[in-house]
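All chains are named by letter (A, B, ...) in the order of the sequence lines, taking the proteins before the strands, and each is independently numbered beginning at 1.
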Amino acid sequence: MTDVVEYVQEHEDEFADYGYLQQFAPDAEGLQINTEIPYSRMQEVYGGDMVWGGIAGERQMRSSLDTGLLDGNVTREHFKRGFTTEEFNDLINYYAWNTYDLLALRATEGESEIIPRQEYEFLSTTYAIQRWPEFLKLIIDKVGLEGLLDVARKGREELGAADYNSIGWSIFVPSGFGCIGLEELGLVDADDPVHVDKKKTAYTAAAALCYASRDEDGYLLPSQNRYVAQAKSDDVVEFITDHLSEFEPGDRAQLRQTMAAAELFSFLLHYDNRVGQADHGPYFVQDGKPMVVREIGLSRPYLPWNDIAESRDLPFSLVVAMVIEPDDLGLQEIRVPLTAFTHPSDYMESVERAAVFIRREPEGVEPLPLSELERPGMDDLLDLSERANEAVTAWYERATPLSRREKIMNGAMTYYAGMIVPLLRATGTFELARDELDLFELPPMTSEFYYRMHGGVAKEQMPNQIMFGHGWSEIPEETAPESGYADYLADAREMNWTSDLSGLSPVPEPWAGKTDEHNLLDVGLPYEGEMSPREFADFVADR
Amino acid sequence: MSKTKLGEGIAVTDIDSTVEGTVNHVRTPREVIDLTSEDLSDKVGCVRAGTSAFASPLLANGVGGLITMEGAPQSHLGIVSREYNIPCIMSLEPVEGLVDSEPDTDAFFEEWGEVLDGRTVAFETETAGGQIKGEVFEV
């Protein structure tokens with residue numbers, strides 16, 4: 001799809017006069033849902049104005065950027081030549097605002113009495129920014145950024161697996177959070193050359209995934225295009241709409257109960273976060289009614305506690321497509337920034353048609369054919385919701401007696417693994433990363449961070465440094481001549497740290513001789529590959 | 001029926017029927033597990049934070065309503081309570097004079113929870129601007 005504003009204008013004669021379609025008018029201001037807490041980075045860091053969320057705030061945010069990159073102007077060329085420093089910093093400022101727009105209200109949640117979520121989120125991001133780039137480089141070296149674009153494009157052809165727009169966001173933003181943590185606590189300098197290289201790798205790969213997941217429409221995130229996230233191809237949307245059915249009496253309540261139980265267990269399976277769930281849409285069906293598709297992960301074999309799901313035969317994912325009757329809801333606005341939000345909020349009572357699918361298989365190198373999805377009946381959904389509710393209680397009783405450290409480490413693993421494993425599977429490198437490259441080994445600096453973040457640091461840092469954007473550091477024009485981070489890694493290697501694809505760990509043969517002066521994998525510009533993701537997966541398997 | 005206003009917060013959804021139940025202030029996972037051995041349909045769970053994990057067995061076992069002392073409807077708990085169709089009022093603040101402790105301190109949340117605990121309450125909601133105001137009354 002091209003620009004949603006143009007699309008709605010072109011289809012004006014076919015669409016009914018639904019109020020929510022006003023959000024796609026060229027000069028729409030949209031609703032201001034958060035009226036209390038503005039985004040203060042642009043004032044604090046640049047002396048500019050406070051910025052708000054929503055459609056009007058997004059427009060204000062983009063107007064404060066230095067390049068036109070975020071005005072729908074991203075092209076494949078950017079992923080061949082690499083982003084300029086100014087473009088990187090526009091990306092950082094925009095993703096930082098987008099994070100505020102999405103998460104600011106959640107900053108007031110407070111600490112969960114069972115999961116130390118703020119600590120594990122902070123810890124996991126420092127884990128991620130240190131280790132994701134090495135796996136990303138491993139892949140980029142062979143398939144190039146074009147290969148990553150192809151992976152994300154393939155994600156548009158299947159249901160119940162990775163949504164690469166969410167994954168792209170979830171690589172960019174947590175990487176930024178990890179940088180904030182390491183820099184704020186004095187573990188690494190913002191202009192350290194190795195650190196900056198890792199940032200650039202993570203941000204570029206993340207932007208590539210976001211870009212291709214949107215069918216290369218020039219945007220990266222839903223907020224840029226009136227909060228529309230059409231993550232699936234026309235063929236997939238047609239498959240879904242072909243299976244939509246009207247509700248029989250009682251069906252809505254049953255579907256609602258099943259979704260609630262599934263979502264709750266998915267949150268718990270991932271230690272109270274959204275890694276297992278992605279929404280996309282709205283897709284315009286019939287006379288302009290919005291259809292939202294929700295994919296809920298219920299089983300993740302790489303998690304050590306996944307026996308709770310497996311023993312109850314919970315599927316890899318549950319997919320629910322919902323067509324909302326806008327007039328019944330009085331729908332004024334719909335936003336799909338990772339999770340669908342409507343105003344008014346309770347859209348479930350106004351779902352007039354739905355389609356439900358079950359996926360058993362994890363993601364792989366090729367998209368799972370849509371014909372292999374199961375179509376559950378209402379009795380199946382009742383059974384599924386009972387098993388999911390049982391799993392909720394089972395997880396709770398399993399997690400309750402764990403130590404604080406165990407809970408933090410488990411939670412950190414859900415974030416760290418949840419965003420990179422789908423990409424590793426899609427490129428056939430999961431087993432290589434897990435078995436040979438210590439995928440789940442904690443970097444030494446993250447171990448040190450674990451102790452430094454205690455004493456309320458995570459709770460104090462999260463709102464201001466992250467939610468309101470103060471802590472994001474720019475990409476510097478020039479990096480420092482020496483790398484303290486490389487020295488840290490060298491010391492760690494002396495203590496038998498064996499990852500970063502270097503040091504005491506033999507670099508796998510295909511990448512031997514490609515390390516830099518710090519013994520880190522060196523994948524420089526241009527980001528060109530030599531094989532397709534499919535060929536790369538075969539190459540890794542045959543190695 | 002006489003009613004006394006106890007507090008005001010943000011409702012996750014516009015509640016179209018009267019919600020009435022006895023408040024159970026739960027502070028530890030063990031208290032949550034113990035509570036789920038009872039019929040929860042006429043109980044209102046009262047938790048401090050707006051995360052879904054702590055209160056999850058209450059949701060999965062059909063609690064009549066939920067009160068949180070922190071959090072917003074966009075939080076995990078807000079989203080999931082909406083899907084379960086369980087009325088939920090978040091960031092409930094007491095009316096003046098009901099709680100003595102300094103706001104937003106551990107002592108405040110403890111006292112506020114104890115003030116609510118054991119009372120029979122009803123929820124009322126009103127849409128205003130972009131949010132839904134939620135009020136809790138003792139009945």
Sorted by chain and number, sequence neighbours left out, ring-ring contact (aromatic ring centres under 6.0 Å, His included) with Tyr271(A) holds for Trp305(A), Trp395(A)

Hey, does Leu77(B) have a side-chain heavy atom less than 4.5 Å from the side chain of Leu66(B)?
yes

Candidates Glu124(B), Glu138(B), Glu135(B), Glu20(B) - the one meeting salt bridge (Lys or Arg N to Asp or Glu O under 4.0 Å) with Lys3(B)
Glu124(B)

Which one wins on heavy-atom pair count under 4.5 Å against chain B: Phe341(A), Tyr347(A), Phe267(A)?
Phe267(A)

Could you tell me which portion of Ala391(A) (side chain, backbone, both or neither) has an atom closer than 4.5 angstrom to a non-hydrogen atom of chain B?
neither

With respect to chain A, which residue among Ile33(B), Asn85(B), Val80(B) yields the maximal number of heavy-atom pairs within a distance under 4.5 Å?
Asn85(B)

Per-residue contact mode, Thr35(A) against chain B (heavy atom under 4.5 angstrom):
neither

Are side-chain heavy atoms of Glu31(B) and His25(B) found at a separation under 4.5 Å?
no

Taking ring-ring contact (aromatic ring centres under 6.0 Å, His included) as the test, write out the residues that go with Tyr120(A), two or more places apart.
Tyr415(A)

Counting only heavy atoms closer than 4.5 Å, note whether Leu31(A) contacts chain B via side chain, backbone, both or neither.
neither

Can you tell which part of Phe265(A) gets under 4.5 Å to a heavy atom of chain B, answering side chain, backbone, both or neither?
neither

